[in-house]
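Below is one structure; the comments refer to it alone.
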Amino acid sequence: MKFEQLREFRQLAYQCLGQAKDATFELADAVMTTRHVSCLGDLALNPLFRREWSSVYEALQDCRPDREQLMQLYIQQMSEVERPVLAIDHTAWLRPHARTLKERTYEHQPTALPHGIPVGIGQGYSTIALIPESSGSWALPLRHERITSWDNPISFGAQQLAQVCQDLQNRPIALFDSEYGCAPLVKATAAIAADKLMRIRSNRCLWSTPPTYSGKGRPKIHGQQFRLNDSQSWWEPEQALESVEPKLGKIRLKKWDDLHFRGSPKHPMTLILVERLETVTGRLNSQPLWLVWVGIQMPSLAEIWQLYLRRFALEHWYRLAKQTLHWTVPKLSTPEQCERWSDLMPLLTWQLWLAKDLVREIRLPQALVSA
């Protein structure tokens, strides 16, 4: 059954590649079976690529992967998921020396670069992915697209969510990191049939619903201010809970309803505080985690913070794409070639996912992994 599903998937994916589909499909197989690559031409040495080395570059020049059809194909594989969990984030493909490459932008990096500043020059890519398991590091991208210079990650991520939700049968839960925890995203996704769970920074301020109109003057838009980094501004939570987790120890949870960002007063949210405590003293063991929920079917307080942790699977996929699937290795000369090459990354990941139960996992010795 698994083998038939994989074979059917590959046949349908082959039809979505447009021109030069034979060379492009062999290039994809070469990527999945080549461990070390120093340049794009090295993939021509793989036995699965039965053409000359120049066909590698011609494939990316001529192919036209149909993103809409590929996304439809990916969604067909998740038809049995009752409530899909999606994660949205963006990453950078740095090209500091490609001065003739069009559409380069300044991209933030989570760690400092060699010059000491966490900002590089390259291209940003936004990804929306299905998180198929409650544990593990698998993330299955549905769309992986370049953010143009006239777009930004927040508006682009909202656009991707709208495109995916149009074809989903069940209402999904979308997970966002703190960069997306703001009023513009809440307003941009208000009309989308999806629940949102996002992290917000601890220096943010939220507001409660305004008091009842007294009949005099202008009606108030905001109520009492709730400053996340000032516990004096907090009021009693609607719900509080403590639990002991096997790996994290003692966890304290609190929930406040009907709060909103200053820029989106018409969109109420539920605020959730997650604190990790020392088992003996009861003091904070790490920085608190602040989450907000925007939706209609919120999971229980004991489950929702663990649901957010599934978002980190997308970070693991970025590492997989860059280190194993050789996404950032080619030095392509045009944004169009970069996009066609990037369109293959979700296709490769879905094939690996569908094939994982058909092969026996053989881990390399630690000495070979470190080498």
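For the numbers below, each heavy atom of this structure counts, side chains included, while hydrogens, waters and symmetry mates do not.
- The main-chain N or O of Pro288 is never found under 3.5 Å from a side-chain atom of Arg276 such that the two would form a donor-acceptor pair.
- Rounded to the nearest 0.5 angstrom, Cys63 SG and Gln337 CD are separated by 9.5 Å.
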- Does the pair Ile200 and Leu271 meet the rule for a side-chain contact (heavy atoms from CB on, under 4.5 Å), with working shown? CA-CA 10 Å; Ile200 59 175; Leu271 177 66; 3.9 Å; yes
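- Looking only at side-chain heavy atoms (C-beta outward), Leu347 and Phe9 come within less than 4.5 Å of each other.
- Annotation for Gly124 and Thr105: closest pair N-OG1, 4.3 Å, computed over non-hydrogen atoms.
- Aromatic ring pairs are classed by plane angle as parallel below 30°, tilted from 30° to 60° and perpendicular above 60°; the pair Phe176 and Tyr180 is tilted.
- Between Lys187 and Lys266, the closest side-chain pair of non-hydrogen atoms is not below 4.5 Å.
- A salt bridge links Glu68 with Arg143: the closest approach of a Lys/Arg side-chain nitrogen to an acidic carboxylate oxygen falls below 4.0 angstrom.
- Atoms CG and OG, from Leu325 and Ser342 in turn, are 11.5 Å apart once rounded to the nearest 0.5 Å.
- Remark: Glu26 does not engage Lys21 in a salt bridge, criterion side-chain N to carboxylate O under 4.0 Å.
- For the atom pair CD1 (Ile88) and CZ (Phe156), the distance works out to 11.0 Å, reported to the nearest 0.5 Å.
- Placement of Ile154 and Val164 within a single hydrophobic cluster is found when ILVMFWY residues are connected by side-chain heavy-atom separations under 4.5 Å, directly or transitively.
- Residues Met269 and Leu291 fall into different hydrophobic clusters, defined by Ile, Leu, Val, Met, Phe, Trp and Tyr side chains chained together at heavy-atom separations under 4.5 Å.
- Remark: the Gln72 side chain and the Asp167 side chain contain an N/O donor-acceptor pair separated by less than 3.5 Å.
- Ring centroid separation for the pair Trp234 and Trp290 comes in under the 6.0 Å cut-off.
- A donor atom on one side chain and an acceptor atom on the other are found under 3.5 Å apart for Glu145 and Gln160.
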- For Leu273 and Arg252, run side-chain contact (heavy atoms from CB on, under 4.5 Å): C-alpha distance rounded to whole Å, both residues' side-chain angles, the deciding distance at 0.1 Å, then the answer. CA-CA 8 Å; Leu273 171 62; Arg252 181 170 61 195; over 6 Å; no
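- The main-chain N or O of Ala20 is never found under 3.5 Å from a side-chain atom of Asp62 such that the two would form a donor-acceptor pair.
- Here the closest non-hydrogen pair linking Gly295 and Asp195 is CA-OD1, 3.2 Å.
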- Pair Arg64-Leu17, side-chain contact (heavy atoms from CB on, under 4.5 Å): steps then yes or no: CA-CA 6 Å; Arg64 298 293 187 274; Leu17 297 179; over 6 Å; no
- Quick one: do Leu352 and Met32 satisfy side-chain contact (heavy atoms from CB on, under 4.5 Å)? Show the steps, please. CA-CA 8 Å; Leu352 294 174; Met32 290 186 291; 4.0 Å; yes
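- Annotation: the span from Met298 atom CE to Asp257 atom CG amounts to 7.5 Å, rounded to 0.5 Å.
- For the residue pair Glu179 and His90, a side-chain donor N or O sits within less than 3.5 Å of a side-chain acceptor on the partner.
- Proximity of Thr349 to Pro141: side-chain heavy atoms (C-beta onward) are separated by under 4.5 Å at one or more points.
- Under the 4.5 Å side-chain criterion, counting only non-hydrogen atoms from C-beta, Ile75 is in contact with Met71.
- One distance of note links OH of Tyr106 with CZ of Arg104; it measures 8.5 Å at 0.5 Å rounding.
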- List the steps and the verdict of side-chain hydrogen bond (donor to acceptor under 3.5 Å, both in side chains) for Arg10 and Gln351. CA-CA 8 Å; Arg10 285 170 59 86; Gln351 291 187 71; 2.5 Å; yes
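- When all heavy atoms of Leu228 and Arg201 are compared, the closest pair comes out as CD2-O, 3.5 Å.
- At a threshold of 4.5 Å between non-hydrogen side-chain atoms, the residues Leu314 and Thr127 count as touching.
- Aromatic pair Phe226/Trp207: centroids not less than 6.0 angstrom apart.
- Side-chain contact check for Ser55 versus Phe49: some heavy-atom pair is nearer than 4.5 Å.
- Trp256 and Thr270 form no side-chain donor-acceptor contact under 3.5 Å, judged by distance and modelled atom types alone.
- The aromatic ring centroids of His222 and His260 lie less than 6.0 Å from each other.
- Ser208 is not listed as a side-chain neighbour of Asp258, based on a closest heavy-atom distance of 4.5 Å or more.
- Note: Tyr125 and His144 meet the aromatic proximity criterion, with ring centroids under 6.0 Å apart.
- Across Cys165 and Ala194, no two heavy atoms sit closer than the pair SG-CB, 3.8 Å.
- A continuous path of Ile, Leu, Val, Met, Phe, Trp and Tyr side chains, each step under 4.5 Å between heavy atoms, connects Met78 with Leu73, placing both in one hydrophobic cluster.
- A salt bridge (charged side-chain N to carboxylate O under 4.0 Å, His left out) check over residues 85-97, counting only residues at least two apart or in different chains, returns the pairs Asp89-Arg311.
- By the 4.5 Å heavy-atom criterion applied to side chains, Thr34 and Asp42 are not counted as neighbours.
- The minimum heavy-atom distance between Cys338 and Trp93, with the atom names listed, is CB-CZ3, 3.9 Å.
- Note on Leu301: it clusters hydrophobically with Tyr308, by side-chain heavy-atom contacts below 4.5 Å among ILVMFWY residues.
- Under 3.5 Å, the side chains of Gln225 and Arg227 contain a donor-acceptor pair of N or O atoms.
- For the 3.5 Å distance criterion, the side chains of Glu103 and Ser149 qualify, holding a donor opposite an acceptor.
- Under the 3.5 Å distance criterion, with hydrogens and angles disregarded, no donor-acceptor pair is assigned to the side chains of Ser243 and Lys250.
- When all heavy atoms of Met198 and Gly181 are compared, the closest pair comes out as SD-CA, 3.6 Å.
- Ion pairing between a basic and an acidic side chain is recognised when a charged N comes within 4.0 Å of a carboxylate O; Arg146 and Glu339 show such pairing.
- Hydrophobic clustering places Val329 together with Trp53 (ILVMFWY residues linked when any side-chain heavy atoms are closer than 4.5 Å, directly or through intermediates).
- The closest side-chain donor-acceptor pair between Gln77 and Gln5 falls under 3.5 angstrom.
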